[in-house]
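Sequence lines set the chain letters: A, B, ... in the order given, protein chains first and strands last, and positions in each chain run from 1.
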Amino acid sequence: MLARWLGTLLLLVLSATPSQAETPFERLDRELTDRVVIPGYQRFAATTAALQSTLDAFCAAPAPASLAVAKAAFVQAMDAWQRVQPIGFGPIRTSGSVSAIQLFPYGRDAITRQVNEAVAAMDPALVAQGGLAGKSVALTGFPALERLLYDDDAMPIGARTPSTDYACALSLAVARNLAGIAASILEQWQGPDGYRQVVLTAGDGNEVYYDAAEVAGDFIQSLHAALDVAIAVKLEQAIGPSLDKARPKRLESWRSKLSLANMRANFETAQALYMTEGSFSDLLVARENGAALDRATRERFAGLFTLIDSIGGPLVVALKRPDERVKVEQLLIELKALRKSLRLEIAPALDLVIGFNATDGD
Amino acid sequence: MTARSNADFGRRSFLVGAAGSLLVGFGLRAAAARGGPGPLYIACRVDEDGRFLTTGFRADGERLFDLPLPGRGHDLALRPDGPECVVFARRPGTFAVVIDVDRGVVLRRIDAAPGRHFYGHGTFTPDGRHLLSSENDYGSGQGVVGVRDATDDYRQIGELPAHGIGPHEVVLMPDGRTLAVANGGVRTHPSHDRSKLNLDSMQPSLTYVEIASGREEGAVQPPADMHQLGIRHAAVNACSLVAVAMQYEGSKRDRVPLVGLHDGSSLRLLEAPEEIQRRMRHYTGAIAFDQSGELLAVSSPRGNLFTFWDAAAGRLIDHVTVADGCGLCAGEAPGAFIVTGGNGEVIRIEPRSGTRQSLKISGTHQTPWDNHIRPSMRLDQSMIWRA
């Protein structure tokens, strides 16, 4: 009896201690790391590994049917990447691999030109294991792979020639490179002494953070970046001041027509960063007068998805169609409203600052 | 490249130019004493729609111009002999824009040479002839100082070695012939985003470069056990005292000074009381002397904090909390500073008396000011007529 009682007591102490000691920001940091960041990078690693093996099989016997399978694997990997794309801190930042994964935006024709030049040169070293390391970022990531898989002239299926075989080998090399980066980022998060540990021990101060609020600042900054990049880089560059001045080829992923899907994935992560249990939404509700702001924010997120889903056809076409274009313009307005509220209402209510000037080294 | 540029740099013209800019300074002070509108302040910012702008305003709140930039701007250089001002892209940007501050118009765009990007800072020689800009030769990783002829459409005529990696702010010494270069020491490459490639081996320095020859005339480094203390920003007063603001790349557990003074001998490191020092968060974004050259202002945007120092005493005298506050410059009178924040704040501060005066600049409400602000010491044209 006594033993059972002691056992229960011990269990209570063990289960109670962490949550008692945990501050709201420490909880937020832990929940978002374990529910958003790590699952996101796990999926990125898994889908890029799958992309690599799919392309391996495809290049052994290129055929239209297997090209469709390869494209499906590309879509999965891109979706996984777009879901972690807003996360702007940790190993992805210290390794500086964002541009290697996906150079964007890029100069006019930079991808086409560099991929064509590489295929024409047929350098075996480039497509060998590790051959893309340190090479031009126009060749190492998603845009190069997209050019190879989606442009009919880049890798013609049918007549196999040394040139088409090389193009396929290059696509496989890019996939391998992506899988390698993704595996490395994941390991740097969840490995022993990885960034997850850094986040979880920030409360007492460590090598990287002064306190847990600083990590929460990184999370809200990431949430803000998801909106900010969509507005300034993904939409405004392409939409132009008027229909006849739209520049659809400035869209991200215009070849694969994934521009809109990419943004949807970004915003789902932004929403998850906001609404995950214990995160910003819960902290806001706990503040005086925070409930109304939280309700408005949830509605704004829901409105974004409704609006995106109402846009007919791929964005690369929609920008040139008056009826669809107005919805894209409306999306920009809604995104700006949410961005503004985040910076001027939500962050200050939580004693966080969305900094413009606090970036490294300026 | 370096050798070719030498012939263009005559020392005589520098001296004439230095005297000229002093006269403008005196004229401005005289104008201010007569109750004139004070300096024209110029800074980059982003507006509500996310557009990057260079904005000119006066302390009375009048906004004189909002000029669009091709991308995010950083610092700017005022040409001493005319109304021109060159706004530099934030690193690793490759554009700079020349504007006319009297008319509030863009005159031209300057592009970095192939294989180079700007670091966001630059200055003019005292005669206004040559524009000097900190740049990255990212193939080799070496820092360079681009030299352009302002009288020849800003054509690039040469390049000086920065004698270090990651040059950031460059300031002209009062002798008119020496450039002080804040070499942050951190190597970056545009293909690796903004990641730092050499944190273990970084060797920051404050280096003095003879403009005419590109020769290193001296350099000072942080103590060996603080080699991760990157020297990013610098300011100089009339007595050739150079003040530097630093960023620490090491462990957040370390306690390190972030402000230094160099009078030509050794680097004197200044520390605030512990609580304030901690709030600076190992990071500074800008540094400036006031007009007297006795007071220093330093911003710590990560800590949302401005600190003010007595340079001679090496002591903190005041601090002000401003969310994402970074921009700072000398105000219209000795002892005064203007600082800017991330929500449209423009505040005039007199650290000795603890005076703070919030300035409301039309049309900039709640939008972020960028890292740097400069006062134009040009006379308002209407003031000249009144005089």
Exercise. Show the numbers, then the answer: is there a side chain to side chain contact (heavy atoms under 4.5 Å, CB included) between B:Asn343 and A:Arg343?
Key: CA-CA 9 Å; B:Asn343 284 320; A:Arg343 194 172 72 82; 2.9 Å; yes
Practice problem: Look at A:Asn206, A:Asp228, A:Ile231 and state which one has the largest set of heavy-atom pairs under 4.5 Å with chain B. | Solution: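 Highest number of heavy-atom pairs under 4.5 Å: A:Asn206.
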Self-check item: A:Glu214 with B:Arg281: basic N within carboxylate O range, under 4.0 Å
Solution: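 Yes, charged N to carboxylate O under 4.0 Å.
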Quiz item: Is B:Glu48 paired with A:Lys336 through a side-chain N to carboxylate O contact shorter than 4.0 Å?
Solution: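 Between B:Glu48 and A:Lys336 there is no salt bridge, as every charged N stays at least 4.0 Å from the carboxylate O atoms.
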Exercise. Could you tell me which portion of A:Ser95 (side chain, backbone, both or neither) has an atom closer than 4.5 angstrom to a non-hydrogen atom of chain B?
Key: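 The backbone, not the side chain.
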Quiz item: Non-hydrogen atoms of chain B under 4.5 Å away: do they reach the side chain of A:Val353, the backbone, both or neither?
Solution: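 Only the side chain of A:Val353 comes within 4.5 Å of chain B.
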Minimum heavy-atom distance between [X] and [Y], given as atom pair plus value:
X: A:Phe356; Y: B:Trp369; value: CD2-O, 3.7 Å
X: B:Gln366; Y: A:Leu344; value: OE1-CD1, 3.2 Å
X: B:Ser191; Y: A:Ser99; value: O-CB, 3.7 Å
X: A:Thr94; Y: B:Ser195; value: O-CB, 3.7 Å

Residue [X] versus chain A: region with a heavy atom under 4.5 Å:
X: B:Asn304; value: side chain
X: B:Thr188; value: neither
X: B:Arg51; value: neither
X: B:Asp254; value: neither

Quiz item: So does A:Asp193 have more than 12 non-hydrogen atoms from other groups sitting under 6.0 Å from CG?
Solution: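 No, because the 6.0 Å sphere around CG of A:Asp193 holds 12 heavy atoms or fewer from other groups.
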Practice problem: Decide if atom CZ of A:Arg108 counts as having more than 12 heavy atoms of other residues, nucleotides or ligands within a radius under 6.0 Å. | Solution: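 No, the 6.0 Å shell around CZ holds no more than 12 heavy atoms from other groups.
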Exercise. Among the options B:Arg253, B:His121, B:His192, B:His372, pick out the one with the most heavy-atom pairs lying under 4.5 Å from chain A.
Key: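 The residue among B:Arg253, B:His121, B:His192, B:His372 with the greatest pair count is B:Arg253.
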Quiz item: Backbone N or O of A:Glu207 within a donor-acceptor pair of the B:Lys252 side chain at under 3.5 Å?
Solution: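 No: the side chain of B:Lys252 does not pair with the backbone of A:Glu207.
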Practice problem: Evaluate the criterion side chain to side chain contact (heavy atoms under 4.5 Å, CB included) for residue pair B:His282 and A:Tyr210; output intermediate values, then yes/no. | Solution: CA-CA 10 Å; B:His282 283 177; A:Tyr210 288 96; 3.0 Å; yes
